[in-house]
Number of protein chains: 2
Amino acid sequence: MARPKKFDEAAGLQKAMNVFWKKGYAGTSISDLTTSMEINAPSLYATYGDKHKLFVSALQTYLQSQHEWMRQAVLEQKPVREIIRYLLATLIDATLEDPERRGCFMVNTITEMANQDTQVFRIAADNENQIRSILADLIRKGQTSGEIASEKDAEILASFLFINFMGIRVIAATNSDKKHLHSALDAILSAI
Amino acid sequence: MARPKKFDEAAGLQKAMNVFWKKGYAGTSISDLTTSMEINAPSLYATYGDKHKLFVSALQTYLQSQHEWMRQAVLEQKPVREIIRYLLATLIDATLEDPERRGCFMVNTITEMANQDTQVFRIAADNENQIRSILADLIRKGQTSGEIASEKDAEILASFLFINFMGIRVIAATNSDKKHLHSALDAILSAI
DNA sequence: GTAGTTTTGTATCGATCATTACAAAACACA
DNA sequence: TGTGTTTTGTAATGATCGATACAAAACTAC
């Protein structure tokens with residue numbers, strides 16, 4: 001019935017995500033996006049809406065893959081502490097191995113816009129709740145199996161872990177000392 | 001010999017800092033700055049250089065006050081754990097009480113630009129070294145006084161604390177649950 | 001007062017910003 | 001082979017970007 005699209009919508013969104021991730025919202029121009037996505041501005045607007053809508057879509061794409069990865073890791077049949085160490089260690093390694101050192105797209109977005117963009121603020125708050133919930137479940141699992149002292153408050157430990165997730169993402173953007181970062185994991189785990 | 005300046009240079013820098021802190025580097029326009037600083041563009045350029053130079057000056061102003069505050073706190077004649085708790089608690093409260101929820105200017109800058117601006121990268125790395133050094137000294141003080149187990153590695157504990165400083169600054173930008181954030185401090189301190 | 005120096009205000013620079021009008025191009029279906 | 005529909009490419013919109021040219025204004029030193 002009509003001329004078909006020349007590009008893959010999901011692939012374009014992925015490209016957009018990578019640009020926003022690297023340069024931030026304000027630092028990314030439509031020209032940056034059309035160049036990277038290899039489409040024209042009218043196609044971008046027709047397909048993804050305006051810049052802000054595309055940004056939100058890119059962010060949610062990122063969060064989905066992030067959550068999926070975390071849920072996968074949590075399902076593993078391994079000691080809970082090992083899972084937690086794996087999560088933290090993988091965050092460090094991923095950040096250090098990224099040649100562009102982009103850190104965490106969600107953290108970058110929070111620090112850039114959460115205080116000025118209510119939609120972004122809600123997404124960030126929602127993300128925190130989801131991840132804290134995953135972590136709290138994991139800790140409760142460790143408590144029922146006896147790996148973690150059951151007197152401890154799982155919600156608080158989850159918050160503590162979440163703080164360290166965020167902190168590691170920031171530090172690893174400027175500190176390249178892999179050994180040093182990994183050794184901090186021992187301190188983190190000692191609090192659990 | 002000449003017409004004197006109508007505005008206070010240091011006060012203008014402070015105003016600029018507050019704007020950059022809230023809106024970030026890319027998100028701040030020269031117009032935003034001249035409006036807030038109540039000077040004209042030519043005065044801004046003549047006094048502070050270009051936008052990037054002004055930004056770096058603002059960031060260094062921020063870091064100086066931050067370091068001064070921390071060095072002051074560390075000098076207090078109180079138990080080391082109390083000092084650490086005070087530092088963390090004050091960070092939480094300051095972030096929550098800021099009506100603009102700007103978080104930490106250094107963290108915001110790292111996540112916005114450290115991967116694209118070598119000067120900012122160096123400033124961030126230098127800041128990390130300074131703060132980690134202050135924290136390591138504090139921990140060593142606690143070890144000589146017997147408050148902290150001397151088997152522990154002071155440098156690693158300092159890194160651990162630094163991670164939590166950064167993490168708290170990010171979280172407190174979107175999570176307003178003061179009680180909850182404060183209760184996470186117990187977990188942090190339990191690792192020391 | 002006058003000369004010399006610097007800051008100020010105005011007005012503008014070319015470049016780029018996000019967004020869109022418009023028409024040619026490319027397909028599906030008849 | 002048309003007809004209808006949607007995407008594409010080009011080109012442009014007004015607005016704003018960072019940065020300055022220029023001259024009037026404001027001060028000090030003489």
Side-chain angles (χ1 to χ4, degrees), chain A residues 1-60 108-109 112-113 116-120, chain B residues 1-61 105 108-109 112-113 116-120:
Chain A
M1 267 291 246
R3 178 175 181 173
K5 278 203 166 111
K6 214 170 70 178
F7 65 98
D8 182 48
E9 195 170 324
L13 187 55
Q14 205 77 22
K15 291 272 192 184
M17 182 193 83
N18 281 318
V19 179
F20 279 130
W21 189 353
K22 175 180 183 181
K23 304 182 130 192
Y25 180 73
T28 298
S29 69
I30 299 291
S31 170
D32 289 332
L33 292 165
T34 55
T35 299
S36 167
M37 300 164 79
E38 294 177 290
I39 61 175
N40 303 315
S43 297
L44 187 154
Y45 280 88
T47 307
Y48 305 99
D50 60 13
K51 185 187 177 187
H52 191 269
K53 283 205 182 75
L54 174 56
F55 180 82
V56 169
S57 299
L59 179 59
Q60 281 167 336
N108 299 357
T109 301
E112 181 186 3
M113 322 173 59
Q116 290 172 285
D117 187 313
T118 57
Q119 189 178 3
V120 162
Chain B
M1 266 289 244
R3 178 177 181 173
K5 279 206 166 108
K6 214 169 70 177
F7 65 97
D8 183 50
E9 193 169 325
L13 186 55
Q14 206 76 19
K15 291 271 193 183
M17 182 193 83
N18 281 317
V19 179
F20 279 130
W21 189 353
K22 176 180 182 183
K23 305 181 130 193
Y25 179 73
T28 299
S29 68
I30 299 292
S31 170
D32 289 332
L33 292 165
T34 56
T35 299
S36 168
M37 299 164 79
E38 295 177 287
I39 61 175
N40 303 315
S43 297
L44 187 154
Y45 281 89
T47 307
Y48 305 100
D50 59 14
K51 185 188 177 185
H52 191 269
K53 283 204 182 76
L54 174 55
F55 180 82
V56 170
S57 299
L59 179 59
Q60 280 167 337
T61 301
F105 187 20
N108 299 356
T109 302
E112 181 186 2
M113 328 174 52
Q116 290 172 285
D117 188 313
T118 57
Q119 189 177 5
V120 162

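Residue numbering restarts at 1 for every chain, and letters A, B, ... go by the order of the sequence lines. Excluded from the calculations below are hydrogen atoms, water molecules and symmetry mates; all remaining heavy atoms, backbone and side chain alike, are included. If you're wondering where the values come from, they're calculated on a predicted model, not measured in any experiment.
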Can you name the side chain to side chain donor-acceptor pair (under 3.5 Å) partners of [X], sequence neighbours left out?
| X | answer |
| --- | --- |
| A:K15 | none |
| A:D50 | none |
| B:K5 | B:T47 |
| A:K51 | none |

[X] [atom1] to [N] [atom2], straight-line distance once rounded to whole Å:
| X | N | atom1 | atom2 | value |
| --- | --- | --- | --- | --- |
| A:Y48 | D:dT7 | OH | P | 12 Å |
| A:K23 | C:dA18 | NZ | P | 11 Å |
| B:D8 | C:dT7 | CG | P | 15 Å |
| A:L44 | D:dT7 | CG | P | 13 Å |
| B:I39 | C:dG9 | CD1 | P | 10 Å |
| A:F55 | C:dT19 | CZ | P | 14 Å |
| B:N40 | C:dG9 | CG | C1' | 5 Å |

field: Protein-to-nucleotide contact annotation, 5' to 3' order, nucleotides 15-26 of chain D [B base; S sugar-phosphate only; - none; under 4.0 Å, heavy atom]
entry: --SSBBB---BB
- prompt: So what is the end-to-end bend of the helix from C:dG1-D:dC30 to C:dA30-D:dT1, with 5 pairs used at each end and the value given to 10 degrees?
  reply: 10°
query: What class does the angle between the rings of B:W21 and B:F105 fall in, given that below 30° is parallel, 30 to 60° is tilted and above 60° is perpendicular?
result: parallel
- prompt: Among all residues two or more places apart in sequence or in another chain, which pass the ring pair (Phe, Tyr, Trp, His ring centres under 6.0 Å) test with B:F20?
  reply: B:F55
query: Looking only at side-chain N and O atoms, does B:K5 come under 4.0 Å of OP1 or OP2 in C:dT7?
result: yes
Under 4.0 angstrom between A:S43 side-chain N/O and D:dT7 OP1 or OP2: no
- line: Contacts of A:A26 meeting side chain to side chain contact (heavy atoms under 4.5 Å, CB included) (sequence neighbours excluded), chain-then-number -> A:E112, B:A26
Extract all donor-acceptor atom pairs below 3.5 Å that involve side chains of residues 35-46 of chain B and protein atoms in other chains or at least two apart in sequence.
from	atom 1	to	atom 2	distance (Å)
B:T35	OG1	B:S31	O	2.8

Separation between CG of B:N108 and CE of A:M113, rounded to the nearest 0.5 Å: 13.0 Å
